[in-house]
4 protein chains.
Amino acid sequence: MREELRIERKNKLLQAAAEVFAEKGYAGASISDVAARAGMGKGTVYGYFPSKEDLFFDVFFWYALQLMTDVHLNFFNGRLSVREACLRFTSELVERMIESIEMYPLTLEFWSASASGGLRDRLKQAMSRMYCDYRKLIGSMIQQGIETDEFMPETDVEGLSAGIMGAIDALGLQFWMDPDFDIRGAADQTMAAILNGISIHPETGHKG
Amino acid sequence: MREELRIERKNKLLQAAAEVFAEKGYAGASISDVAARAGMGKGTVYGYFPSKEDLFFDVFFWYALQLMTDVHLNFFNGRLSVREACLRFTSELVERMIESIEMYPLTLEFWSASASGGLRDRLKQAMSRMYCDYRKLIGSMIQQGIETDEFMPETDVEGLSAGIMGAIDALGLQFWMDPDFDIRGAADQTMAAILNGISIHPETGHKG
Amino acid sequence: MREELRIERKNKLLQAAAEVFAEKGYAGASISDVAARAGMGKGTVYGYFPSKEDLFFDVFFWYALQLMTDVHLNFFNGRLSVREACLRFTSELVERMIESIEMYPLTLEFWSASASGGLRDRLKQAMSRMYCDYRKLIGSMIQQGIETDEFMPETDVEGLSAGIMGAIDALGLQFWMDPDFDIRGAADQTMAAILNGISIHPETGHKG
Amino acid sequence: MREELRIERKNKLLQAAAEVFAEKGYAGASISDVAARAGMGKGTVYGYFPSKEDLFFDVFFWYALQLMTDVHLNFFNGRLSVREACLRFTSELVERMIESIEMYPLTLEFWSASASGGLRDRLKQAMSRMYCDYRKLIGSMIQQGIETDEFMPETDVEGLSAGIMGAIDALGLQFWMDPDFDIRGAADQTMAAILNGISIHPETGHKG
DNA sequence: TATGAATGAGGGTTCATTCAT
DNA sequence: TATGAATGAACCCTCATTCAT
C-alpha cells in the first residue's frame with residue numbers, strides 16, 4: 001500500500017475521531033462511531049491504531065500540533081512591538097477557539113482523561129510538556145519586552161506566562177458554556193490590563 | 001427523626017461519590033464503587049438518586065456549594081481595601097485548590113461532562129450560571145474599586161472578571177498537571193499585574 | 001442469599017457448562033450458550049465464575065470429582081480377589097464411559113486445553129496430578145496382588161499402572177469415534193491379557 | 001514445472017500449520033500465524049486451502065501419513081519373531097512420540113476437533129478409519145502369532161489390538177503431561193505383560 | 001498468482017438498573 | 001427501607017475471509 005494513502009487514511013481517522021470524541025466524549029464514543037464517521041469498517045481502525053486509548057492519545061498530539069501550526073502561521077507574520085505581539089498572539093488563540101468552538105470539548109476530554117483512566121500518566125505528562133512549551137513561548141515575548149524596556153524589569157516572567165496562558169484557556173471554557181459570553185472582549189481586556197500592569201509606560205483608555 | 005437520617009446518608013453518598021468520581025472519573029467509577037465507599041449496598045444508592053447521571057449532577061451542586069461556602073467563610077471576614085480584597089479572594093481560592101488538589105479532577109470531570117453525554121445541557125447551564133455568579137462577585141469588587149477611585153473608570157468590569165476567574169481556574173489545571181508548578185506565585189503575579197494595570201496609582205516592585 | 005441456593009445455582013452452571021463444552025468445544029462455546037442452557041442471563045455467569053477460563057477449569061475439577069465419586073461408589077463395595085478387583089475397576093470405568101459417552105468430548109477438550117491456551121499450565125498440572133492419583137490407585141491394587149502372591153514379584157507396578165490407565169482412556173476415544181466399536185470386549189480382553197501376563201497362575205480360556 | 005512449485009508451497013504451508021496448531025491450538029492459531037511461519041502472505045493461504053477448517057483437516061492427513069511412513073520405514077526392516085515384532089512396533093511408535101513430543105498437542109487438537117466444531121463429522125470418520133487401520137496392523141501381527149503357535153488360539157485379536165493401540169496413545173498423553181514420566185518403561189512393561197498374557201510359553205523376569 | 005488492507009460478525013466482559021427478599 | 005443477585009445492552013477487540021492491486 002502506498003505510504004501516502006496510508007497517511008491520508010490515518011489523518012481521516014484522526015479527524016473523525018477528534019470529531020466524535022468532541023461530540024460524545026471519550027467514554028461515550030465507540031470505535032464503531034469513529035469508523036463510521038471516517039467511512040470505514042470498524043476493524044480498519046485497528047489497522048492504524050492498536051487500541052482506543054492509543055487512538056485518543058494520538059488525537060491529542062495531532063490536535064495540539066494542528067492548533068500550534070495554525071497559530072504560528074498567523075502569528076509569526078510580521079514585525080510588531082512586544083505589546084502588539086502579545087495581543088496578537090492571544091487574539092490569534094482566541095480566534096482559533098471561536099472558529100472551532102465545536103471542538104472545544106475535545107480539550108476538556110484531554111484534561112479529564114489526564115486525571116483518571118488508563119491514559120492518565122501518559123497524557124498528564126504530555127499535557128504538562130505542552131503547557132510548558134506555551135508558557136515558554138509567552139515568557140520569551142515578555143522577556144523580550146523587558147529587554148527592550150517596554151516592561152518593568154521586576155516582572156515575574158514565569159508566573160505571568162502561566163497566568164496568561166491559563167486565562168485564555170479558561171475563557172474558552174466560559175465561552176463554551178455560554179455562547180453569548182464575549183470572549184474577545186474578555187481576552188482583550190484582560191491582556192490589556194496585564195500588559196498595562198507590567199508596562200513602564202502604560203497605555204490608557206483601553207476600553208472599547 | 002427519619003428525615004435527618006436520610007439527609008445524613010445522602011450526604012455520605014455525595015461525599016463518597018465525589019471522592020470516587022475524582023479518583024476514577026465519571027465513566028471509570030461504578031455505582032458499586034460509590035456504594036462501597038459509602039459503606040452501603042449498591043441498591044441503596046438508587047433510593048437516594050434515580051440514576052448515575054443524577055448522582056453526578058447532584059455531586060456538582062453539592063461540591064460547588066461546599067467550595068463557595070468555604071471561600072466565603074474565609075473571605076468575608078474583615079474590612080480590606082478593594083485591592084487587598086481582590087488579592088485575598090483569589091489567594092483564598094488558590095489555597096482551597098492546593099488544599100484539596102486531590103479533588104481537582106472532579107472539576108475536570110464536570111467540565112468534560114458539560115461537553116458531552118446525557119448531562120451536557122443540564123450541566124452546561126448550571127456551570128454557566130455558576131461562572132456568572134463568580135464573575136459577578138469579582139465584578140462587584142472591581143466596581144467598588146472604580147467607585148472608590150482606586151481603579152480606572154474605563155475598566156471593563158465584565159471582561160476582566162471573566163479573565164481573572166479563568167486565570168485562577170486554569171492555574172489549578174497547570175498545578176494539577178505538574179505539582180512543582182508555583183501556583184501561588186503565578187496567581188499573585190497575575191493578579192498584581194492586572195490590578196496594577198487598572199489602578200490609578202499602581203504599586204511597583206511587585207516581584208518576590 | 002442462602003448459601004445453599006448459591007451452591008445449587010453454581011452446580012447448575014457447571015452442569016450446563018459441561019454439556020455445552022462437550023457439544024461445542026471450549027472455543028466454540030459462548031458464555032451466552034452456557035447461560036442459556038442453565039436458564040440464566042449471560043451476566044449471571046460472571047457472578048459465579050470470574051472468566052470463561054476459570055469456568056472451564058472449575059468444570060474440569062467438578063467433572064473429575066463426579067467421575068471419581070461414581071466409580072468409587074460402585075467399586076469399593078465388597079471383598080474381591082485382586083484380579084477380580086482390577087477387572088471390576090476397569091469395567092466400572094468403562095461402564096461410566098459408555099453411560100455418558102456424550103460427555104466424552106469434554107475429556108478431549110481438557111486434554112487439548114492442557115496443551116495450549118491460557119489454561120495450559122494450570123490444567124496440565126491438574127491433569128498430571130489426577131493421572132498420578134489414578135495410577136496410584138491401580139498401582140496399589142497390583143501391589144496388593146504381588147503381596148498376596150497372585151502376581152509375579154518382578155512386575156513393574158508403576159509402568160503397568162500407567163499402561164492400564166492409558167488403555168482404558170484411549171479405548172474411550174476409539175468408542176467415541178466409532179459407536180460400533182466393542183469397547184467392553186476390548187477392555188476385558190486387554191485387562192485379561194495383562195493380568196494373565198503378570199499372574200503366577202494364569203487363567204486360560206478368557207475368550208468370549 | 002509450475003505444479004512442482006505449487007506442491008512445494010503447499011507442503012510448506014502444511015508444515016507451518018502443523019507447527020502453529022501444535023503450539024497454539026486450532027482456535028488459538030490464526031491464519032496470519034500460519035502464513036507468517038510459512039513465510040508467505042495471509043491471502044496466499046487461501047490459494048491452497050479454501051478455509052481454516054480445510055487446512056486443519058488436510059494437516060491431519062498429512063501428519064498421519066508422515067507418522068505412518070516414519071514408523072513403516074523403521075519397522076519393516078528385518079525378520080523378527082512375532083513377539084519381537086510387536087515390541088519393536090510399539091517401541092518404534094513410542095520413540096516417534098518422544099522424538100517429536102512438541103508435536104503431540106497436534107494429536108490432542110485432532111481429537112478434540114473430532115468431538116465438536118465444523119469438522120467433527122469429517123474428522124471423526126477419518127480418525128475412526130485411521131484407528132481401524134492401526135488395529136488391523138497390530139491385529140495382523142497377533143494373528144500371525146496365533147498361526148505360528150506363539151500366541152494362544154483363543155486370543156481376541158480385535159479387542160487386544162484396540163487395547164494395545166489405546167495404551168500407546170494414552171501413554172503419550174501422560175508423557176506430554178509429565179516429561180518425567182517413564183514412557184519407555186511403561187510401554188515396555190505393558191506390552192511385555194500383554195504378550196506374556198497371550199503367549200503359550202511366556203517369558204519371565206521381564207522387570208528392568 | 002501473491003499480497004495484505006479492509007471488513008464485520010462474534011464473543012468475553014462490564015455495569016447501570018431492577019426487583020425479590 | 002436496604003440489599004445484592006440477576007439481567008442484558010453495549011462495547012472493545014480479534015480474526016477468518018474477501019478483493020483490489
Side-chain angles (χ1 to χ4, degrees), chain A residues 1-2 5-6 9-10 27-36 38-55 118, chain B residues 2 5-6 9 26-36 38-56 118, chain C residues 1-2 5-6 9-10 24 27-36 38-55 118, chain D residues 2 5-6 9 27-36 38-56 118:
Chain A
M1 192 192 205
R2 280 160 42 229
L5 181 61
R6 191 175 165 78
R9 294 177 77 93
K10 188 162 188 168
S30 75
I31 292 290
S32 270
D33 292 331
V34 174
M40 303 180 196
K42 187 175 26 156
T44 308
V45 178
Y46 288 88
Y48 293 85
F49 305 94
S51 73
K52 192 187 180 187
E53 278 192 358
D54 285 279
L55 171 58
Chain B
R2 268 294 128 81
L5 180 64
R6 196 177 159 77
R9 291 175 78 94
Y26 175 71
S30 73
I31 293 290
S32 267
D33 291 332
V34 174
M40 303 180 197
K42 192 175 17 154
T44 308
V45 178
Y46 286 86
Y48 293 85
F49 306 93
S51 75
K52 192 188 179 187
E53 278 192 356
D54 286 281
L55 170 59
F56 188 63
Chain C
M1 190 195 206
R2 279 160 43 229
L5 181 60
R6 191 175 165 79
R9 293 177 76 92
K10 188 162 187 168
K24 306 192 170 191
S30 76
I31 293 289
S32 270
D33 292 331
V34 173
M40 304 179 195
K42 189 171 29 152
T44 308
V45 178
Y46 288 87
Y48 292 85
F49 305 94
S51 73
K52 192 188 181 187
E53 278 193 356
D54 284 280
L55 170 58
Chain D
R2 271 292 125 83
L5 180 63
R6 195 176 160 77
R9 291 175 78 94
S30 74
I31 292 290
S32 267
D33 291 332
V34 173
M40 301 180 199
K42 194 174 18 153
T44 309
V45 177
Y46 287 85
Y48 293 86
F49 306 93
S51 75
K52 192 187 180 188
E53 278 191 355
D54 285 281
L55 170 59
F56 187 63

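Chain letters run A, B, ... following the sequence lines, proteins first and then strands; every chain starts at 1.
Residues C/Met40 and C/Arg9 share a closest heavy-atom pair of CE-O, 3.7 Å.
Contact between the side-chain N/O atoms of C/Lys52 and the OP1/OP2 oxygens of E/dG12 is found at a separation under 4.0 Å. Checking the phosphate oxygens (OP1, OP2) of E/dA5, no side-chain nitrogen or oxygen of A/Arg2 falls inside 4.0 Å. For A/Tyr48 and E/dA6, the shortest distance from a side-chain N or O to OP1 or OP2 is below 4.0 Å.
With the 3.5 Å cutoff on both pairing distances, Watson-Crick and G-U pairs in DNA chain F assemble into runs of at least 3 at E:2-21 with F:2-21.
Taking atom CZ on C/Phe49 and atom P on F/dA6, their separation rounds to 12 Å, with Å as the unit. Residue A/Asp33 contributes atom CG, which lies 7 Å from atom P of F/dC11 at whole-angstrom precision. Here E/dA20 presents its C1' atom at 12 Å from CG of C/Leu5, a figure rounded to the nearest Å. Distance, D/Leu55 CG to F/dT17 C1': 14 Å, rounded to whole Å.
Sequence order on DNA chain E of the closest nucleotides to A/Met40 and B/Gly43 puts A/Met40 first from the 5' end. If you find the closest nucleotide of DNA chain E to C/Ile31 and to B/Ile31, the one lying nearer the 5' end belongs to C/Ile31. Of the two residues contacting DNA chain F, namely C/Lys42 and B/Gly41, the nearest-nucleotide position lying further toward the 5' end is that of B/Gly41.
Heavy atoms of B/Gly47 sit nowhere under 4.0 angstrom from any nucleic acid atom. Nucleic acid contact for A/Ala35: none, since no nucleic acid atom lies under 4.0 Å from a heavy atom of the residue. Residue-level contact check: D/Ala29 touches the backbone only, with heavy atoms under 4.0 Å from sugar-phosphate atoms and none from bases.
Closest to the side chain of B/Thr44, from the set E/dT17, F/dT3, E/dA5, is F/dT3. Of the candidates E/dT7, F/dT7, E/dG12, F/dT7 carries the atom nearest the C/Arg9 side chain, counting heavy atoms from C-beta on. Nearest nucleotide to the D/Ser30 side chain, out of F/dC15, E/dG12, F/dA5: F/dC15. In the set F/dG8, F/dT18, E/dT17, the nucleotide with an atom closest to the side chain of D/Tyr46 is F/dT18.
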Please tabulate, for the side chains in residues 28-35 of chain C, all donor-acceptor contacts under 3.5 angstrom to protein atoms that are two or more places apart in sequence or on a different chain.
from	atom 1	to	atom 2	distance (Å)
C/Ser30	OG	C/Ser32	N	3.4
C/Ser30	OG	C/Asp33	N	3.1
C/Ser30	OG	C/Asp33	OD2	3.2
C/Asp33	OD2	C/Lys24	NZ	3.3
C/Asp33	OD2	C/Ser30	N	3.0

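Judged by the 6.0 Å distance and 45° axis criteria, C/Lys10 is positioned over the aromatic ring of C/Phe49. For the pair B/Lys52 and B/Tyr26, the cation sits on the ring face: its NZ or CZ lies under 6.0 Å from the ring centre, inside 45° of the axis.
No hydrogens or angles were tested; on distance alone, nothing pairs the side chain of C/Lys24 with the base of E/dG11 as donor and acceptor under 3.5 Å.
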